[in-house]
Amino acid sequence: LMNVTEAVTADLGAACSSPEGQAALVLARLLDGGELSGSEHAQVSRELRQAVADARRKPQATAGDKADELKARRAKRHRA
């Protein structure tokens with residue numbers, strides 16, 4: 001049986017390294033801890049659902065993308 005943290009990690013893959021993915025992992029660990037009351041568990045579950053959706057939605061930037069973005073900004077600044 002897979003715990004919540006393992007399931008979120010498997011589901012998000014590389015997106016786990018994004019801020020949204022990290023938030024999802026923190027919430028998953030809370031659920032795995034088993035120390036939440038019923039209402040706390042429900043709230044954390046809702047927050048986890050949203051964090052996972054946010055992590056999936058956000059495109060993952062690569063180092064090449066960031067370098068290209070910097071080059072484009074510099075070129076634009078020098079043209080101005």
Side-chain angles (χ1 to χ4, degrees):
L1 187 62
M2 187 181 292
N3 66 31
V4 178
T5 304
E6 290 171 346
V8 168
T9 302
D11 184 37
L12 294 181
C16 283
S17 62
S18 70
E20 295 82 1
Q22 288 296 301
L25 290 173
V26 167
L27 294 167
R29 287 183 197 110
L30 282 173
L31 291 173
D32 284 338
E35 298 175 7
L36 301 173
S37 69
S39 61
E40 290 171 331
H41 192 278
Q43 181 62 36
V44 171
S45 293
R46 284 191 292 275
E47 292 293 327
L48 175 61
R49 189 176 322 123
Q50 186 60 53
V52 168
D54 291 345
R56 284 182 187 146
R57 191 171 31 253
K58 185 171 181 171
Q60 296 300 305
T62 64
D65 293 340
K66 291 178 184 175
D68 292 342
E69 182 182 326
L70 285 173
K71 287 178 189 175
R73 279 196 261 163
R74 286 182 186 138
K76 183 178 179 181
R77 195 170 42 227
H78 289 293
R79 280 183 262 150

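Only heavy atoms go into these numbers, but all of them, side chains included; no hydrogens, no water, no symmetry mates.
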Provide the full list of salt bridge (Lys or Arg N to Asp or Glu O under 4.0 Å) pairs with a residue in residues 8-26, sequence neighbours left out, each pair given once.
->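 As it turns out, the salt bridge (Lys or Arg N to Asp or Glu O under 4.0 Å) pairs with a partner in residues 8-26, which skip direct neighbours, are D11-R56, E20-K58.
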Mind checking side-chain contact (heavy atoms from CB on, under 4.5 Å) for S39 and listing every partner two or more places apart, or none if nothing turns up?
->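 Checked S39 against side-chain contact (heavy atoms from CB on, under 4.5 Å); matches are S37.
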In chain order, what residues pass the side-chain contact (heavy atoms from CB on, under 4.5 Å) check against R46, with sequence neighbours excluded?
->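 Testing R46 for side-chain contact (heavy atoms from CB on, under 4.5 Å), a comparison that skips the adjacent residues, returns A42, Q43, R49.
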[X]: side chain to side chain donor-acceptor pair (under 3.5 Å) partners, not counting sequence neighbours:
X: R29; result: none
X: D54; result: Q50, R57
X: Q22; result: none

Give the minimum heavy-atom separation between [X] and [Y], together with the two atoms involved.
X: L27; Y: V44; result: O-CG1, 3.6 Å
X: L31; Y: S45; result: CD2-OG, 3.9 Å
X: A28; Y: L48; result: N-CD1, 4.2 Å
X: L12; Y: G21; result: CD1-CA, 4.1 Å
X: A15; Y: A55; result: CB-O, 3.8 Å

Do V26 and V4 belong together in a cluster built from hydrophobic side chains that touch within less than 4.5 Å?
->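 Not linked; separate clusters.
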Can you list the residues that meet the salt bridge (charged side-chain N to carboxylate O under 4.0 Å, His left out) rule with D32, with sequence neighbours excluded?
->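 With neighbours one apart ignored, the set is empty.
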